[in-house]
Protein chains: 2
Amino acid sequence: MVTKPVPSQARSRSRREALLRAAIGVLAEGGSKAVTHRAVAARAGVPLASTTYYFKSIDELTEEALRLHVTERVAELEALTAEAAEGGRTVEEIALRFADALVGRSREAMVAQFEVYLEASRVPTLREPVARALLAFEELAARALAALGARRPEEAALAFVAILDGFALHRLARPLDPERDAALLFDAMASLFVAYAMDEDEFEMWRARFRRPLAG
Amino acid sequence: MVTKPVPSQARSRSRREALLRAAIGVLAEGGSKAVTHRAVAARAGVPLASTTYYFKSIDELTEEALRLHVTERVAELEALTAEAAEGGRTVEEIALRFADALVGRSREAMVAQFEVYLEASRVPTLREPVARALLAFEELAARALAALGARRPEEAALAFVAILDGFALHRLARPLDPERDAALLFDAMASLFVAYAMDEDEFEMWRARFRRPLAG
DNA sequence: TCATAATCCGTACATTTGTACCAGTAATCG
DNA sequence: CGATTACTGGTACAAATGTACGGATTATGA
C-alpha cells in the first residue's frame, strides 16, 4: 500500500469527505493544535481507525482538508465570475457580490482560509492551490475593473483582494459593529475604485498633493 | 503557589523573557502545534523544567508570548507616531515608514502577528492587546491623514491598515517578486490617499461613474 | 554570617496522540 | 455464487507531551 487510491465505494467516499470537512471545522475552532485523529473522527462521527485508513498521517489529512477548502472556494468564485460577466449590473453591485463571496462567509470559513494562508507559508504543497485561489479572486476583480476602463486592472485587483482580506482578518481579531464594518469596507472599496479609474495623468495630479511636506 | 509572581532576580527575568521570545520563534516556524515545552526550552537554551517553573501551562506560555509580541509592536509604532508628528516630512515618506513598520518586518514576525490575529478570534484574553495594537496602527495613519485634511481620517485609517495587512498576508501565502510587491503596495496606498483626500462632493461625483451598469 | 526564600534542573510519570494491527463484514467482479 | 478485494472498527502500543517532584544551588536580607 504505497499510495492510497480513491475509495471505490460511495459510502466510503462520503466518509472520507466527512473527515476532511470535520478537519476544517476542528481547525477553525481550535487552531492547528486541535486537529488530532481523535478530534476529527469524533466530529465526523466515524471511528478513530477510519482516519488512518484513509490518510497516511495526520499532516496529510490536514493538508488535503485545506486543499479541499481552497478548491471549493475557487469553484464558487469562478461561478460568480461567469455570472458577473453577463453584464447588466452596476459596478457597485458586483463589488458587493464580490465582497460577499470573498469575505461574507461564516467565521469558521474565514478562519480556515487564513489558516491556509499561514500554512502555505510553511508547506510548499499548499502554495499552488493557494496561488490559484488568490488568482481566481483577483481575476474577478480585474474583469470588473477592466470593463470600467481602470488603469492597470490586474494590479488594482491585487489591491482589492488585499483590502478585503485585510478587513476580514481585522474583523476576526477585533469584531466591530457589523453594520459599521460593512459600511467602512464598502467605502474603502469605492475609494479604490475611484482612484484606479483615473487615468495616469489625472492620478499624478492628485498625487502631487502628497509630495508636499506636512506641518506637524 | 496560586499565582506566580514576577521573578525578582535579573537573570531569572531574562530567562523568562527568552522563553517567551523562543515561543514566538517556534510558533512562526511550525505553527501552534509546534509550540511544546520541549521545543521552546530547547530554542531558548534552558532546561525543560524552566518552562513549568515560570508558566502554569503551555497555553499560558503561548498566550503571554503573543501578548508580549503585540505589546512590543505597539511600542514601536507609538515611537514612530511621535516621530511622524514632528513634521517636515512628506506624506509619502510617512507612508513608507508606516508600511515598513507595519509590514516590512521579518517573515517570522509577520507570521507571528497573523497567528495572534487568528488566536484572538478564539482566546478572549488576547482581544484587548490585539485591539490596542490595531488602534495604535490606525492612529498613526489617522494622524497623517488628518494633517492632510482627509475626509473621515479615522475611517480612512482602517482602510490603510487593512490593505497593509492584506498585502502582507498575501505575500506570505504567495510570494511575488519583492520589488514588484513593494511597488504595488505603494501604488495602492497612494490610491487610497488620493480617494480619501477628496471632499465628499468631489468623491460623490467620481463615484457616480460606478453606479452605471456595465457592458458585459 | 546564617536563615530563608528563590531559582535551578535532572528525572519521573500520567495523559494524549499517532499509528499499526487484525478479525470481522460488506461490496464487487468474474 | 464464490473468491477476492474494500472497508470497518475495536484495540493495542510506542512515542511525544504536559506536568509534578525534590534535592542541589544560589541570591537576599536581617
Output field: ring centroids A/F160/A/F193 closer than 6.0 Å: yes
Interatomic distance, A/L19 CG vs D/dC7 P [rounded to whole Å]: 13 Å
Taking atom CZ of B/R97 as the centre, does the number of heavy atoms from other residues, nucleotides or ligands within less than 6.0 Å exceed 12? no
For nucleotides 17-30 of chain D, 5' to 3', base contacts (B), sugar-phosphate-only contacts (S) and non-contacts (-) with protein non-hydrogen atoms under 4.0 Å give BBB-------S---
To the nearest Å, how far apart are B/R16 CZ and C/dA6 P? 15 Å
If you compare every side-chain N and O of A/R15 against the phosphate oxygens of D/dT8 (OP1, OP2), does one of them come in below 4.0 Å? yes
Under the side chain to side chain donor-acceptor pair (under 3.5 Å) test, which residues partner B/T125, sequence neighbours left out? B/E63
Heavy-atom count check: over 12 atoms from other residues, nucleotides or ligands less than 6.0 Å from A/R67 CZ? yes
Axis-to-axis angle between the two ends of the helix from C/dT1-D/dA30 to C/dG30-D/dC1 (five base pairs per end, rounded to 10 degrees): 20°
What pairs meet the salt bridge (charged side-chain N to carboxylate O under 4.0 Å, His left out) rule with one or both residues in residues 18-35 of chain B, with sequence neighbours excluded? B/E17-B/R21, B/R21-B/E72, B/E29-B/R43
So do the side chains of B/V194 and A/Y196 get within less than 4.5 Å of each other, counting heavy atoms only? no
Check whether any side-chain N or O of A/Y54 sits under 4.0 Å from OP1 or OP2 of D/dT8, and answer yes or no. yes
Write out all pairs satisfying salt bridge (charged side-chain N to carboxylate O under 4.0 Å, His left out) with one or both partners inside residues 103-119 of chain A, taking only residues at least two apart or from two chains. A/E76-A/R105, A/E115-B/R122, A/E119-A/R122
Phosphate oxygens OP1/OP2 of D/dC7: is one of them under 4.0 Å from a side-chain N or O of A/Y53? yes
Going by the rule side chain to side chain donor-acceptor pair (under 3.5 Å), which residues pair with B/E128 if we only count those two or more places apart in sequence or in a different chain? B/R132
Can you tell me if A/S12 touches the phosphate of D/dA6, counting only side-chain N or O atoms and a distance under 4.0 Å to OP1 or OP2? no
